[in-house]
2 protein chains.
Amino acid sequence: MGANDTLMHMKTSSAPVPPAPSDDAAAVELGPLRSMLHHALRAAQAGVMDELQAAFAAEDMRALPFAILVVLSRNPGLRQIQVGFALGIQPTNLVPLIDALEERGLAERRPVPRDRRAHGLFLTRLGAETLARLEAQAAAHEARLAERLGPGGREQLLALLRRLTDPRHPPAQD
Amino acid sequence: MGANDTLMHMKTSSAPVPPAPSDDAAAVELGPLRSMLHHALRAAQAGVMDELQAAFAAEDMRALPFAILVVLSRNPGLRQIQVGFALGIQPTNLVPLIDALEERGLAERRPVPRDRRAHGLFLTRLGAETLARLEAQAAAHEARLAERLGPGGREQLLALLRRLTDPRHPPAQD
DNA sequence: TATTGTTATACTCTATAACTATA
DNA sequence: TATAGTTATAGAGTATAACAATA
């Protein structure tokens, strides 16, 4: 089941390829990891997140709180539980994240009219302004990624990633 | 720059689609996150890792120590620094991982002949046997993923992920 | 001086259990 | 009895600084 992708890298030229310990450190054999999706996903996600966080560094922001701000901007008044569900964050882990956004004056909790248990979440003015700059940074980052992938590559990658975990995205033409 | 992928989900049938607040919770608007790679990568990686760790649960194993075992099996005697470089783990964070593998009797540190600072890392017999079972689980998991992606999807996804972060994989035909 | 490995430490992200105040 | 939010806590994973032994 694709365990030996390694064999697909055979050269067709007649001159034998030198074992190439040239790179010294890159000479480590990864075996089946080389063609395993979980490993490729980890590497890609780490690299992409590092880049995004570098782009966000000037605003002292990270991917997760940014995602919360984006969701609040499109769904003002949303409750914490719904934000958590949308982003895959458990309610319990959302609390300190919202706390931090509130302390920085970017978001706020407001009482919900008919349910005194719940909090409606809103961006502040400052939050909206900050988010505008962050979204510009994120879009620029996304454009850099798209350039590396070539024409159509980004859309293709998004579709494949969705198929990987979302049952509503069936496999392509069989 | 692909900010409105949302519009690409238009139905071509004449009957207007109901706004579908049907799902109740899925009715949260994600805005630009919906088409951002860093977000799609996070979701995909989390799902895939959850599945892999479920597959590894019987052996009490996780993705990172598994990757170390794989590397040691293909490169016996490798030094910690090289393992870390190959897997993107800092030397300092590798120490407790190797400690744990050693305590479980799966790997061991041996002195290196000509350099008394370094440790050569090796799988134990038990480590090799355990790894064989783990690799079978991982291959089965990989096959399940491949099935979701349809024919050629897995190879396509691997190529795109490499292009995303590895400068040695240039964009496809422009 | 530089390198290999290590300790100590801190931060982010994720996970479970138990609690409160409402409904 | 169930739900929204919270506290406390623990475990991965990752990061920096400083150190010992050796090269």
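Values in this document were obtained by computation on a predicted structure and should not be read as measured data. Worth knowing before you read on, the calculation uses all heavy atoms, side chains too, and leaves out hydrogens, waters and symmetry mates.
Across the protein-nucleic acid pair, B/Phe85 atom CZ and C/dG5 atom P stand 15 Å apart, rounded to whole Å. Rounded to whole angstrom, the span from the CZ atom of A/Arg109 across to the P atom of D/dG5 amounts to 9 Å. Distance, B/Met49 CE to D/dT14 C1': 14 Å, rounded to whole Å. The separation between A/Arg110 atom CZ and D/dG5 atom C1' is 19 Å, rounded to whole Å. Rounded to whole Å, the distance from CD on A/Gln45 to P on D/dT14 is 10 Å. As a whole-Å value, the separation of A/His38 NE2 from D/dG13 P is 11 Å. Taking atom CG of residue B/Leu94 and atom C1' of nucleotide C/dT3, one finds them 16 Å apart after rounding to whole Å. Summarising the geometry, the separation between CD on A/Glu102 and C1' on D/dG5 is reported as 13 Å, rounded to the nearest angstrom.
Although no hydrogens or angles enter the test, the distance criterion places a donor-acceptor pair under 3.5 Å between the side chain of B/Glu29 and the main chain of B/Gly31.
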Inset, instruction - Quick one, give me the B/S/- string for nucleotides 14-23 of chain C, reading 5' to 3', where B means a protein heavy atom under 4.0 Å from the base and S means that only happens at the primed atoms, P, OP1 or OP2. - result: BBBB---BBS
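Along DNA chain C, the nucleotide nearest B/Ala118 and the nucleotide nearest A/Ala63 are compared for position; the residue whose nucleotide lies closer to the 5' end is B/Ala118.
A salt bridge is defined here as a Lys NZ or Arg NE, NH1 or NH2 lying under 4.0 Å from an Asp or Glu carboxylate O, and B/Arg110 with B/Glu108 meets this definition. For B/Glu135 and B/Arg133, the salt-bridge test fails: no basic side-chain N is under 4.0 Å from an acidic carboxylate O. Ionic pairing of A/Glu142 and A/Arg154 is present here: one or more N-O contacts between side-chain nitrogen and carboxylate oxygen are shorter than 4.0 angstrom.
The shortest side-chain heavy-atom distance between B/Val83 and B/Ile89 does not fall under the 4.5 Å cut-off. Side-chain contact between A/His39 and B/Val70: absent, with no pair of heavy atoms (C-beta onward) separated by less than 4.5 Å.
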Show each protein N/O and nucleotides 10-12 of chain C N/O combination with a separation under 3.5 Å, one pair to a line.
{"unit_1": "C/dT12", "atom_1": "O3'", "unit_2": "A/Arg62", "atom_2": "NE", "d": "3.2"}
{"unit_1": "C/dT12", "atom_1": "O3'", "unit_2": "A/Arg62", "atom_2": "NH2", "d": "3.3"}

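Within residues 66-81 of chain A, the residues having any heavy atom under 4.0 Å from DNA chain D are, by residue number, A/Arg79, A/Gln80, A/Ile81.
Under a hydrophobic-cluster definition in which Ile, Leu, Val, Met, Phe, Trp and Tyr are linked whenever side-chain heavy atoms come within less than 4.5 Å, directly or via other members, B/Val112 and B/Ile81 are assigned to different clusters.
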